[in-house]
Enquirer: 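Okay, here's the structure, questions in a sec.
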Amino acid sequence: MDAVGRALGVHRVLEPVGVLPQAALRLDPDPAIGPDEVRVSVQRLNLDAASFRQLSESCGGDGAAVRAAVLDIVAARGKMQNPVTGSGGMLIGTVAAVGPGSPLGLRVGDRVATLVSLTLTPLRITDGLARWDGRSEQVPAEGTAVLFARSVAAVLPDDLPDPVALAVLDVCGAPAVTDRVVRRSGARSVLVLGAAGKSGCLSLAAARAAGATALTGLVRDEREAAALRAAGLADRVVVADATDPLAVAAAVGEPAAVTVVCVDAPGAEHGAVLATAQGGTVVFFSMATSFAQAALGAEGMAADVTMLIGNGYAPGHAEAALELYRRSAGVRALLDARVPA
Ligand code: NAP
């Protein structure tokens, strides 16, 4: 295998041979590491919101069934990748072994968050997830994970509780892409769908810091609207079902230059496009986004908008998101409410 393939973890792909780990059906989660790999003792997983919602809804909210489903997926696939949403999440743990050729700069004993998706991280769970009730995205877990030469990991900050750091780092790509789009376009008006959620509130704070002056947060109901107003992150808070395009457009009114989709439910594509001005940009951070719905929907609306997939990685994204959390009382209020005690 060539060096590029090895650095990307192709040697861990069991099926189908030749694809990258993210696209694999099955990975080899053997905790014995190669010379350029790192083994992490897992402490906690963070299932991404779209995956957890799908699992929870398909199990009728039965926590034991959700736990069994996650265990089945990891046992079958050697990684945590929800077969319906295709998404994963990330994890925190302690570095247990470092291959002599690993370029990641980690040391045994470092407490780290993996900033590459669980969908490409070889994972073995050894405690049956006995300490998890199956009712929240954060999963106390024991087991092992493997990082490749080209993986990304961050040493956990000392000043924040682990569950908070995990929640922020899981969605740190959202404020990063929002910052980049607002700065590059010079956009003043930004709309965030799912604005009271974790990625939503961070995106609002990032848009403000990047110079946007007219921020609209769209939320599902009056309870979330009250929380978002109290947080003070948006200039305007509107209530609508993000999956109802006409309701979204009516609630938003004047279309925004930039729209960031941070809901965790499918079906927000058309509302997002409809609420975005001609020549504007829609960032689809949500893992529940359908490429076909977005592309064909925009075509059908004759909408001249640029549509971006919210890449989970950008240089400096982790530290920037942690800084937004530290600096913004509004972000802390909204995000802390979603983090398990
Ligand atoms: P979150 O904290 O659960 O926030 C999602 C928000 O959307 C919640 O406030 C939720 O309201 C709201 N919402 C759901 N359905 C809605 C609807 N029909 N109308 C209006 N609001 C609605 O989720 P998150 O952790 O920020 O994640 C958001 C999305 O980003 C997920 O799809 C997740 O999978 C994705 N994600 C992407 C990446 C990436 O790299 N691109 C990385 C991590 C996560 P309720 O709480 O009332 O349901």
Side-chain angles (χ1 to χ4, degrees), residues 22 45-57 61 80-82 84-91 113-120 136-138 152 163-164 166-178 191-206 216-228 231 233-234 237-245 247-248 251-252 259-272 275 283-290 308-314 317-318 321 325 331 334-340:
Q22 206 282 333
L45 311 176
N46 192 112
L47 304 183
D48 89 279
S51 172
F52 179 73
R53 177 183 285 272
Q54 188 281 326
L55 286 166
S56 191
E57 287 178 358
M80 179 54 212
Q81 182 170 27
N82 181 322
V84 177
T85 62
S87 57
M90 37 84 75
L91 63 83
T114 62
L115 297 178
V116 287
S117 172
L118 289 179
T119 64
L120 57 88
S136 89
E137 292 163 16
Q138 292 207 4
V152 189
V164 167
L166 184 57
V168 172
L169 293 173
D170 178 48
V171 296
C172 64
V177 68
T178 303
L191 164 67
V192 177
L193 306 186
K198 298 183 291 295
S199 56
C201 67
L202 283 163
S203 296
L204 281 174
T216 301
L218 182 140
V219 295
R220 182 204 282 286
D221 55 28
E222 280 304 332
R223 187 185 54 80
E224 283 201 328
L228 184 57
L233 296 173
V237 177
V238 298
V239 176
D241 176 354
T243 66
D244 180 339
V248 170
V252 171
T259 297
V260 188
V261 181
C262 291
V263 297
D264 58 346
E269 298 85 355
H270 294 173
V283 178
F284 289 106
F285 188 71
S286 168
M287 283 292 156
T289 302
S290 152
L308 301 178
I309 296 172
N311 182 349
Y313 174 74
H317 63 335
Y325 175 86
V331 169
L334 291 169
L335 207 133
D336 288 353
R338 290 178 178 270
V339 172

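Order of appearance sets the numbers: ligands from 1, and atoms from 1 within every ligand.
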Enquirer: Would you say Ser87 and ligand 1 have an N/O pair spaced under 3.5 Å apart?
Expert: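 There is no such contact.
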Enquirer: Could you pull out the closest heavy-atom pair between Ala268 and Leu193, with the gap in Å?
Expert: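 Shortest heavy-atom contact: O-CD1, 4.3 Å.
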Enquirer: Take every heavy atom of Gly310, measure it against each atom of ligand 1, and state whether any distance is under 4.0 Å.
Expert: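 For ligand 1, residue contact (heavy atoms, under 4.0 Å) with Gly310 is present.
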Enquirer: Is ligand 1 under 4.0 Å from a heavy atom in the side chain of Ala50, in the backbone, in both, or in neither?
Expert: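 The answer is both, backbone and side chain.
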Enquirer: Quick one: CD on Gln81 to OG1 on Thr119, what's the gap to the nearest 0.5 Å?
Expert: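 Between atom CD of Gln81 and atom OG1 of Thr119 there are 5.0 Å.
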Enquirer: Hey, looking at atom 17 (C) of ligand 1, which of Ala242, Ser203, Pro266, Ala268 has the closest heavy atom?
Expert: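 The residue whose heavy atom sits nearest atom 17 (C) of ligand 1 is Ala242.
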Enquirer: Of Met287, Gln54, Lys198, Arg223, which has the heavy atom at the shortest distance from atom 2 (O) of ligand 1?
Expert: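 Residue with the shortest heavy-atom distance to the ligand atom: Lys198.
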Enquirer: Counting only nitrogen or oxygen atoms and a 3.5 angstrom limit, does Asn311 reach ligand 1?
Expert: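 Asn311 vs ligand 1: no N/O contact under 3.5 Å.
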Enquirer: Distance to 0.1 Å, residue and atom name: give those for the protein heavy atom nearest to atom 47 (O) of ligand 1.
Expert: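 For atom 47 (O) of ligand 1, the nearest protein heavy atom is Arg220 NE, 3.0 Å.
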Enquirer: In Å, rounded to the nearest 0.5 Å, how long is the span from NZ of Lys198 to CG of Leu166?
Expert: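 Here the rounded value is 10.0 Å.
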Enquirer: Which is it for Ala195 and ligand 1 at heavy atoms under 4.0 Å: side chain, backbone, both or neither?
Expert: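 The answer is neither; Ala195 stays 4.0 Å or more away.
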Enquirer: Just which atoms of ligand 1 are under 4.0 Å from any heavy atom in Ala265?
Expert: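 Reading through ligand 1 atom by atom, the close ones are 15 (N).
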Enquirer: Please report the shortest heavy-atom distance between Ala49 and Asp264, naming the atom on each side.
Expert: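 That would be CB-CB, 3.7 Å.
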Enquirer: Number the atoms of ligand 1 from 1 as they appear, then name those within less than 4.0 Å of a heavy atom of Asp48, with their elements.
Expert: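 Listed by number with element: 33 (C), 34 (O).
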Enquirer: Say whether Arg53 and ligand 1 are in contact under the criterion: heavy-atom distance to a ligand atom below 4.0 Å.
Expert: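 It does; at least one heavy atom falls under 4.0 Å.
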Enquirer: Below 4.0 angstrom from a heavy atom of Gly197, which ligand 1 atoms are there? Numbered from 1 as shown, please.
Expert: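 The list of qualifying atoms is 2 (O), 4 (O), 9 (O).
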Enquirer: Tell me the closest heavy-atom pair linking Val261 and Ala272, and the distance in Å.
Expert: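 Shortest heavy-atom contact: CG2-CB, 3.5 Å.
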Enquirer: Mind running side-chain contact (heavy atoms from CB on, under 4.5 Å) on Met287 and Ser51 for me, showing each step along the way?
Expert: CA-CA 8 Å; Met287 283 292 156; Ser51 172; over 6 Å; no
Enquirer: With a cut-off of 4.0 Å, which atoms of ligand 1 are near a heavy atom of Ser199?
Expert: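 Here the atoms of ligand 1 in question are 24 (P), 26 (O), 27 (O), 28 (C).
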Enquirer: What atoms in ligand 1 come closer than 4.0 Å to a heavy atom of Thr243?
Expert: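 Reading through ligand 1 atom by atom, the close ones are 18 (N).
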Enquirer: Ala240 heavy atoms, cut-off 4.0 Å: which ligand 1 atoms fall inside?
Expert: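 Under 4.0 Å from Ala240, ligand 1 has these atoms: 19 (N), 20 (C).
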Enquirer: I need the Tyr313 OH to Cys172 SG distance, nearest 0.5 Å.
Expert: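 Taking OH in Tyr313 and SG in Cys172, the distance rounds to 10.0 Å.
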Enquirer: Please confirm whether Gly173 approaches ligand 1 to less than 4.0 Å, judged on its heavy atoms.
Expert: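 Outside the 4.0 Å threshold, so no.
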Enquirer: Side chains of Leu335 and Leu202: closer than 4.5 Å at any heavy-atom pair?
Expert: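 The answer is yes, as the side chains (C-beta and beyond) meet within the 4.5 Å cut-off.
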Enquirer: What protein heavy atom sits nearest atom 37 (C) of ligand 1, and how far away is it?
Expert: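 The closest heavy atom on the protein side is Phe285 O, 3.1 Å.
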Enquirer: Suppose we measure from atom 3 (O) of ligand 1 to each protein heavy atom; which comes out shortest, and what is that distance?
Expert: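 Nearest neighbour among protein heavy atoms for atom 3 (O) of ligand 1, to 0.1 Å: Asp264 OD2, 3.4 Å.
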Enquirer: Quick one: which ligand 1 atoms are inside 4.0 Å of a heavy atom on Val171?
Expert: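 Those qualifying, in numeric order: 25 (O).
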Enquirer: Looking only at protein heavy atoms, identify the closest one to atom 22 (C) of ligand 1 and say how far it is in Å.
Expert: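 Going atom by atom, the protein heavy atom closest to atom 22 (C) of ligand 1 ends up being Val263 CG1, 3.7 Å.
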Enquirer: In the protein, what heavy atom is nearest to atom 23 (O) of ligand 1, and what distance, to one decimal place, separates them?
Expert: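 It is Ala49 CB, 3.3 Å.
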Enquirer: Can you name the nearest heavy-atom pair linking Gln138 to Pro163, along with the distance?
Expert: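 In terms of heavy atoms, the two residues are closest at NE2-O, 2.8 Å.
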Enquirer: In Å and rounded to the nearest 0.5 Å, what is the CE to CG distance from Met90 to Leu45?
Expert: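 Those atoms lie 10.0 Å apart.
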Enquirer: Among protein heavy atoms, which sits nearest to atom 40 (O) of ligand 1, and what does the distance come to when rounded to 0.1 Å?
Expert: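 In this structure, atom 40 (O) of ligand 1 has Gly312 CA, 3.2 Å as its nearest protein heavy atom.
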Enquirer: What is the closest protein heavy atom to atom 18 (N) of ligand 1, and at what distance does it sit?
Expert: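 Nearest protein contact, heavy atoms only, for atom 18 (N) of ligand 1 is Asp241 OD1, 2.8 Å.
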Enquirer: Roughly how far, to the nearest 0.5 Å, is the CG atom of Leu169 from the CG atom of Asn46?
Expert: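 Separation between the atoms: 9.5 Å.
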Enquirer: If I take atom CZ from residue Phe52 and atom OG from residue Ser87, how far apart are they, to the nearest 0.5 angstrom?
Expert: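 Going from the CZ atom of Phe52 to the OG atom of Ser87 covers 12.5 Å.
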Enquirer: Of the non-hydrogen atoms in Ala251 and Val238, which two are nearest, and what is the gap between them?
Expert: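 Result for this residue pair: O-CG1, 3.4 Å.
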Enquirer: Provide the closest heavy-atom pair for Ala240 versus Ala247 in the form atom of the first, atom of the second, distance.
Expert: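 Where Ala240 meets Ala247 most closely, the heavy atoms are CB-O, 3.9 Å.
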Enquirer: Who's the nearest protein heavy-atom neighbour of atom 43 (C) of ligand 1, and how far?
Expert: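 Nearest neighbour among protein heavy atoms for atom 43 (C) of ligand 1, to 0.1 Å: Asp170 O, 3.3 Å.
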